[in-house]
Each structure stands twice: as C-alpha cells, then as structure tokens.
Enquirer: 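Before I ask anything, here is the structure I am working with.
Values below: every heavy atom of this structure, side chains too, minus hydrogens, waters and symmetry copies.
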Amino acid sequence: VIRNPEVQLLVPSLLQAITNPNAHTKTCLDTLLDTVFVNTIDAASLALIVPVLNRALRERYTDVKKKAAKIVGNMSSLINEPKDMVPYVPLLLPEIKKVLVDPSPEVRAIAAKALGSLLEGMGEESFP
C-alpha cells in the first residue's frame, strides 16, 4: 500500500508509463519532476517509480535520460529507509553508469550528481 500522498496522486500516470512506455514515459517523467514532494518515499512507491526510471535511463533520447537521472538524484534525498532502495540498486546503478558516458555533457553531469546523491543517501556499503 502506497503511503506517500504525492505518489498516490501519480499512480495513474506511473501505471500508464509502465503499461505503455513508448507513449507515456516522457509525460510521466515531467509529472514526477513537477511534483513537490513533502513526504518521504516508501517501498511501495519505489516499486512503481523505479521501473519507469529504469526504462527512461535506457532511452536514446537525451532529454528523457536527463530527466530520469535528475529524478533518481532527487529521489535519493526523499527515501527515509535506505533498505527500501537496496533492491533497486542493481537495476538503476548500471543504467546510471551508462548515462555517465552519454555524449551530452549536461546529461553526464546530471548522472554524476544522481550517482553522488545515491551514494550519499544510501551509504557506500549498499553498492556492489
């Protein structure tokens, strides 16, 4: 059960992005970026958000990868329990590393900040 009220409002957009990623991923990322989070993100919320971010980080479009990396970085500071994020590190970390070598310097910079935020929020011991 999703306890975060901001994510509860985003469930329809997240589900659309999961079921039809080609048509809805970019819109969902925009919605996530426009949302002001005042509550921490729980495990159930991560279960909906991370698949969308994982897919977006693998996109070929620079703007989509940039938005996804920015969300990953922002999300790191909203997680109250680092253990909730641990199952998703193997999904996100390889994709963030790939974005670190993107041709766009702006995308690389945002990915580096996202990686730093993940490390800071979770601690180095959580990473392989």
Enquirer: For L9 and P12, work out which heavy atoms get closest and say how close.
Expert: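 Smallest interatomic distance, heavy atoms only, reads O-CD, 3.6 Å.
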
Enquirer: Does a side-chain heavy-atom distance below 4.5 Å link D63 with K26?
Expert: yes

Enquirer: Drop me the distance from T35's OG1 to L10's CG, to the nearest 0.5 angstrom.
Expert: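 Between atom OG1 of T35 and atom CG of L10 there are 4.0 Å.
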
Enquirer: For S117 and V72, run side chain to side chain contact (heavy atoms under 4.5 Å, CB included): C-alpha distance rounded to whole Å, both residues' side-chain angles, the deciding distance at 0.1 Å, then the answer.
Expert: CA-CA 8 Å; S117 294; V72 169; over 6 Å; no

Enquirer: Would you call R108 and V99 a side-chain contact if the rule is heavy atoms closer than 4.5 Å?
Expert: no

Enquirer: Would you check if N74 and L78 make a side-chain contact, meaning some heavy-atom pair closer than 4.5 Å?
Expert: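 Counting from C-beta outward, N74 and L78 never come under 4.5 Å.
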
Enquirer: Side-chain contact, heavy-atom cut-off 4.5 Å: L92 with M85?
Expert: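 Contact flag for L92/M85 side chains = yes.
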
Enquirer: Is it the case that more than 12 heavy atoms not belonging to E81 sit under 6.0 Å from its CD atom?
Expert: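 It does: E81 CD has more than 12 such atoms within range.
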
Enquirer: What distance do N20 atom CG and I18 atom CD1 have between them, rounded to the nearest 0.5 Å?
Expert: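 Answer for the CG-CD1 pair, N20 versus I18, is 12.0 Å.
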
Enquirer: Below 4.5 Å, heavy atoms only, C-beta onward: do N39 and P5 meet side chain to side chain?
Expert: yes

Enquirer: Taking all heavy atoms of T25 and all of A56, pick out the closest pair and write down the distance.
Expert: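 So the two residues come closest at CG2-CB, 3.9 Å.
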
Enquirer: Evaluate side chain to side chain contact (heavy atoms under 4.5 Å, CB included) for L93 paired with L115, printing each intermediate quantity in order.
Expert: CA-CA 8 Å; L93 191 58; L115 184 58; 3.4 Å; yes

Enquirer: Any chance you could measure L57, atom CG, to I96, atom CD1, to the nearest 0.5 Å?
Expert: 4.5 Å

Enquirer: How long is the span from the OG atom in S104 to the NZ atom in K66, to the nearest 0.5 Å?
Expert: 7.0 Å

Enquirer: Tracing side-chain links under 4.5 Å among I, L, V, M, F, W and Y, which residues wind up in one group with V36?
Expert: V38

Enquirer: What pairs of donor and acceptor atoms, side-chain ones from residues 40-55 against any protein atom, are under 3.5 angstrom apart with sequence neighbours left out?
Expert:
| residue | atom | partner | partner atom | Å |
| --- | --- | --- | --- | --- |
| D42 | OD1 | S45 | N | 3.2 |
| D42 | OD1 | S45 | OG | 2.3 |
| D42 | OD2 | R3 | N | 2.8 |
| R55 | NH1 | E59 | OE2 | 2.6 |
| R55 | NH2 | N22 | OD1 | 2.5 |

Enquirer: Specify the closest pair of heavy atoms between I110 and A69, including all atoms of both residues, with the distance to one decimal.
Expert: CG2-CB, 3.8 Å

Enquirer: Could you tell me if the side chain of V7 sits less than 4.5 Å from the side chain of F37, heavy atoms only?
Expert: yes

Enquirer: Roughly how far, to the nearest 0.5 Å, is the CD1 atom of I71 from the CG atom of L33?
Expert: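 It is 4.0 Å, given to the nearest 0.5 Å.
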
Enquirer: Looking only at heavy atoms, which two atoms of I2 and Q8 are closest? And how far apart?
Expert: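 So the minimum-distance heavy-atom pair works out to O-NE2, 2.6 Å.
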
